[in-house]
2 protein chains.
Amino acid sequence: MVARYERIADELRDEILSGAHPVGSQLPSEAELAGRFSAARGTVRQAVAVLATEGLVGSRQGARRIVLGRTRSQSFAELHSFAQWARANGYRYGGRVIAQRRRPASGSEPARLGSGEVLEVLRLRSLEDEPVLLERTVYAGWVAAAVEGLPADCESVTEALYESVGLVFAYGEHLIDAVPAGAQDARLLGVRRGSPLLRQRRVTTTHEGRPVESSDDRYRAGSVAFSIRNSIGANPLVREPGDLRFER
Amino acid sequence: MVARYERIADELRDEILSGAHPVGSQLPSEAELAGRFSAARGTVRQAVAVLATEGLVGSRQGARRIVLGRTRSQSFAELHSFAQWARANGYRYGGRVIAQRRRPASGSEPARLGSGEVLEVLRLRSLEDEPVLLERTVYAGWVAAAVEGLPADCESVTEALYESVGLVFAYGEHLIDAVPAGAQDARLLGVRRGSPLLRQRRVTTTHEGRPVESSDDRYRAGSVAFSIRNSIGANPLVREPGDLRFER
DNA sequence: GAGTGGTCTAGACCACGAA
DNA sequence: TCGTGGTCTAGACCACTCT
């Protein structure tokens with residue numbers, strides 16, 4: 001069952017992407033759209049709210065909505081899953097497990113993932129046949145067995161875990177910064193030691209807030225950038241002081 | 001005039017931050033909250049939607065909302081304005097203009113900022129008395145005069161332009177990646193050439209979609225990280241292929 | 001089956017922008 | 001002043017979770 005407002009949003013989005021509503025132009029008023037779709041005004045508002053969070057349109061009280069752009073921000077899944085992002089954008093991609101072992105949780109891990117044993121996995125992923133991403137992932141003990149059951153060249157861990165044990169990665173917290181490549185990073189990604197890498201650290205939980213994994217992902221510089229569209233009134237991202245803030 | 005749902009959101013947020021609703025616990029149902037605040041259910045839903053976009057609570061159909069965390073994602077202003085971010089987080093900060101000149105728009109600038117003359121400004125900003133950020137900003141011709149009127153050590157350009165000419169930075173598009181420090185970067189930020197910098201490129205527009213500025217901001221590694229909280233159903237961020245993708 | 005959040009309606013009033 | 005989006009109400013039905 002697709003919601004009414006989703007179908008209205010889809011139709012309006014198509015019109016924007018096709019150029020029927022050019023960038024900079026005004027969208028029809030809520031009343032007009034409600035008439036056109038034979039829907040209540042509230043439903044139309046839900047639809048245009050979707051477009052606003054995608055960064056396609058902006059609004060201010062008293063003036064008509066304006067078309068801001070024609071590129072759409074996309075899903076949580078794409079931020080979380082390399083495979084889903086690559087596939088959605090039509091890239092060739094691959095990946096393989098380099099190393100994998102169980103060990104006791106240490107340091108801050110018990111607080112993040114629960115105490116007891118964890119599963120540590122080192123994965124190298126490629127885009128267009130170039131190695132671009134090195135993932136160091138630590139899985140909580142309760143999913144370790146399911147992860148160990150996956151093939152070494154598993155394309156999408158997220159999807160495989162959903163299909164095998166019904167696990168849903170629902171919430172994520174991400175920290176993005178830049179770090180110099182270490183010896184292992186340099187060897188596996190094919191760059192010089194100390195060269196820049198884009199790092200994404202994340203902790204993911206289930207719907208219930210139960211921690212699933214904690215990961216340190218490093219992208220070769222120039223391979224990938226993160227994109228954000230935002231506006232006054234929408235709050236997707238903040239800066240945070242980094243780990244090394246007062247070191248020299 | 002503060003909206004009803006904003007006040008309800010504030011009250012619930014305080015309760016979460018104070019620990020009255022611990023992380024992992026369930027929030028009261030919408031019906032209970034509606035009764036407690038003597039508001040319609042729709043108003044309560046607006047309030048908890050605010051908390052959801054802040055990453056504080058998560059929800060699924062059929063189950064009560066769950067408290068996910070106690071740190072709040074914040075505003076567009078903080079992503080856009082270094083000064084506003086630093087002040088909101090209680091850091092000492094400063095900044096000064098290193099160089100500034102007018103020149104004709106070139107390359108892709110006419111498409112982004114409009115043709116004609118633009119104003120190029122190089123600013124160095126510091127946090128806790130350490131230089132951490134080098135901004136290379138290009139302003140559209142129509143704001144150049146206002147920017148030139150600002151003092152060289154202006155703390156917040158965003159706020160100064162609002163107060164002097166009523167200019168509001170309303171929408172932004174941001175690309176975040178890692179780059180090696182160039183000669184000028186290295187000298188001004190006090191790092192070695194080729195060392196990692198976190199780069200944020202952005203284009204900002206007014207409410208009407210009129211471009212204001214385009215900027216290339218580079219942070220010293222370890223000084224700042226970007227943080228995102230997200231969930232299935234919320235769409236703040238995507239990866240994008242970088243400029244150098246097929247270079248070796 | 002009871003409870004909960006998700007969707008949708010129909011109508012009202014208000015704050016703001018533009019002419 | 002008038003049209004627009006922002007807020008709020010009161011009620012309905014549905015999809016889903018939990019037990």
Side-chain angles (χ1 to χ4, degrees), chain A residues 1-12 21 24-53 56-68 166-168 170-171 206-210 231-234, chain B residues 1-12 21 24-53 56-68 166-168 170-171 206-210 231-234:
Chain A
M1 186 56 189
V2 178
R4 190 103 164 74
Y5 76 89
E6 290 281 7
R7 277 179 283 130
I8 295 174
D10 289 344
E11 198 160 328
L12 291 175
H21 301 296
S25 69
Q26 293 185 335
L27 228 52
S29 73
E30 294 178 357
E32 284 172 308
L33 293 172
R36 169 178 155 193
F37 292 106
S38 303
R41 191 181 151 216
T43 306
V44 169
R45 283 179 61 80
Q46 272 188 285
V48 295
V50 170
L51 303 182
T53 65
L56 294 177
V57 303
S59 66
R60 325 133 69 182
Q61 194 174 60
R64 285 206 179 182
R65 286 184 176 77
I66 288 187
V67 178
L68 292 172
L167 177 62
V168 175
Y171 304 109
T206 64
H207 272 127
E208 294 79 21
R210 191 177 187 193
S231 67
I232 290 182
Chain B
M1 185 56 188
V2 178
R4 191 100 164 73
Y5 76 89
E6 290 282 8
R7 277 180 282 130
I8 296 175
D10 289 344
E11 196 159 331
L12 292 174
H21 301 296
S25 69
Q26 295 183 334
L27 228 52
S29 73
E30 295 177 356
E32 285 173 306
L33 292 173
R36 170 176 154 194
F37 293 107
S38 303
R41 190 180 151 219
T43 306
V44 170
R45 283 179 61 80
Q46 272 188 286
V48 293
V50 170
L51 302 183
T53 65
L56 294 177
V57 305
S59 67
R60 328 133 63 185
Q61 194 173 61
R64 284 204 178 182
R65 287 185 175 78
I66 289 188
V67 178
L68 292 173
L167 177 61
V168 175
Y171 305 108
T206 64
H207 271 128
E208 293 80 19
R210 191 176 188 193
S231 67
I232 289 182

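Convention: sequence-line order gives letters A, B, ...; per-chain numbering from 1.
In terms of the side chain to side chain contact (heavy atoms under 4.5 Å, CB included) criterion, A/Q61 has no residue partners (sequence neighbours excluded). Taking the salt bridge (charged side-chain N to carboxylate O under 4.0 Å, His left out) definition, one finds that B/E6 meets it with nothing, sequence neighbours left out. Legend: residues meeting side-chain hydrogen bond (donor to acceptor under 3.5 Å, both in side chains) with B/E32, ordered by chain and number and at least two apart, are B/S29, B/R64. Shown here are the salt bridge (charged side-chain N to carboxylate O under 4.0 Å, His left out) partners of B/R60, two or more places apart in sequence or in another chain: A/E208. Not counting sequence neighbours, B/R7 has no partner by the salt bridge (charged side-chain N to carboxylate O under 4.0 Å, His left out) test.
Here the straight-line distance linking atom NE2 of B/H21 with atom CZ of B/R65 works out to 12.5 Å at 0.5 Å rounding. The CZ atom of A/R210 lies 12.0 Å from the CD1 atom of B/I66; values are rounded to the nearest 0.5 Å. Between the CG atom of B/L56 and the CG atom of B/L12 there is a distance of 10.0 Å, given to the nearest 0.5 Å.
Among the protein residues, B/A39 comes within range of the sugar-phosphate backbone only, with heavy atoms under 4.0 Å from sugar or phosphate atoms but none that close to a base.
Nearest-nucleotide assignment on DNA chain C puts the 5′-proximal partner with B/E30, out of A/V2 and B/E30.
With axes fitted over five pairs at each extremity, the angle between the ends of the helix from C/dG1-D/dC18 to C/dA18-D/dT1 is 20° (10° resolution).
Looking at every heavy atom in both residues, A/Y171 comes nearest to A/T206 through CD1-O, 3.3 Å.
Contact of the A/L33 side chain with the A/I8 side chain is not registered, since no non-hydrogen atoms from C-beta on lie closer than 4.5 Å.
Taking 4.0 Å as the cutoff to heavy atoms of chain A, we find the contact window on DNA chain C bounded by C/dT7 to C/dA18.
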Please tabulate, one pair per line, each protein N/O and nucleotide N/O from nucleotides 17-19 of chain D that are separated by under 3.5 Å, including the distance.
| from | atom 1 | to | atom 2 | distance (Å) |
| --- | --- | --- | --- | --- |
| D/dT17 | O4' | B/G62 | O | 3.4 |
| D/dC18 | OP1 | B/R60 | NH1 | 3.4 |

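Applying a 4.0 Å cut-off to non-hydrogen atoms, the residues of residues 40-48 of chain B that approach DNA chain D are B/A40, B/R41, B/T43, B/Q46, listed by residue number.
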Sequence neighbours excluded and cut-off under 3.5 Å, please list the side-chain donor-acceptor pairs for residues 38-51 of chain A, or say none.
| from | atom 1 | to | atom 2 | distance (Å) |
| --- | --- | --- | --- | --- |
| A/R41 | NE | A/E30 | OE1 | 2.6 |
| A/R41 | NH2 | A/E30 | OE1 | 3.1 |
| A/R45 | NH1 | A/E30 | OE2 | 2.8 |

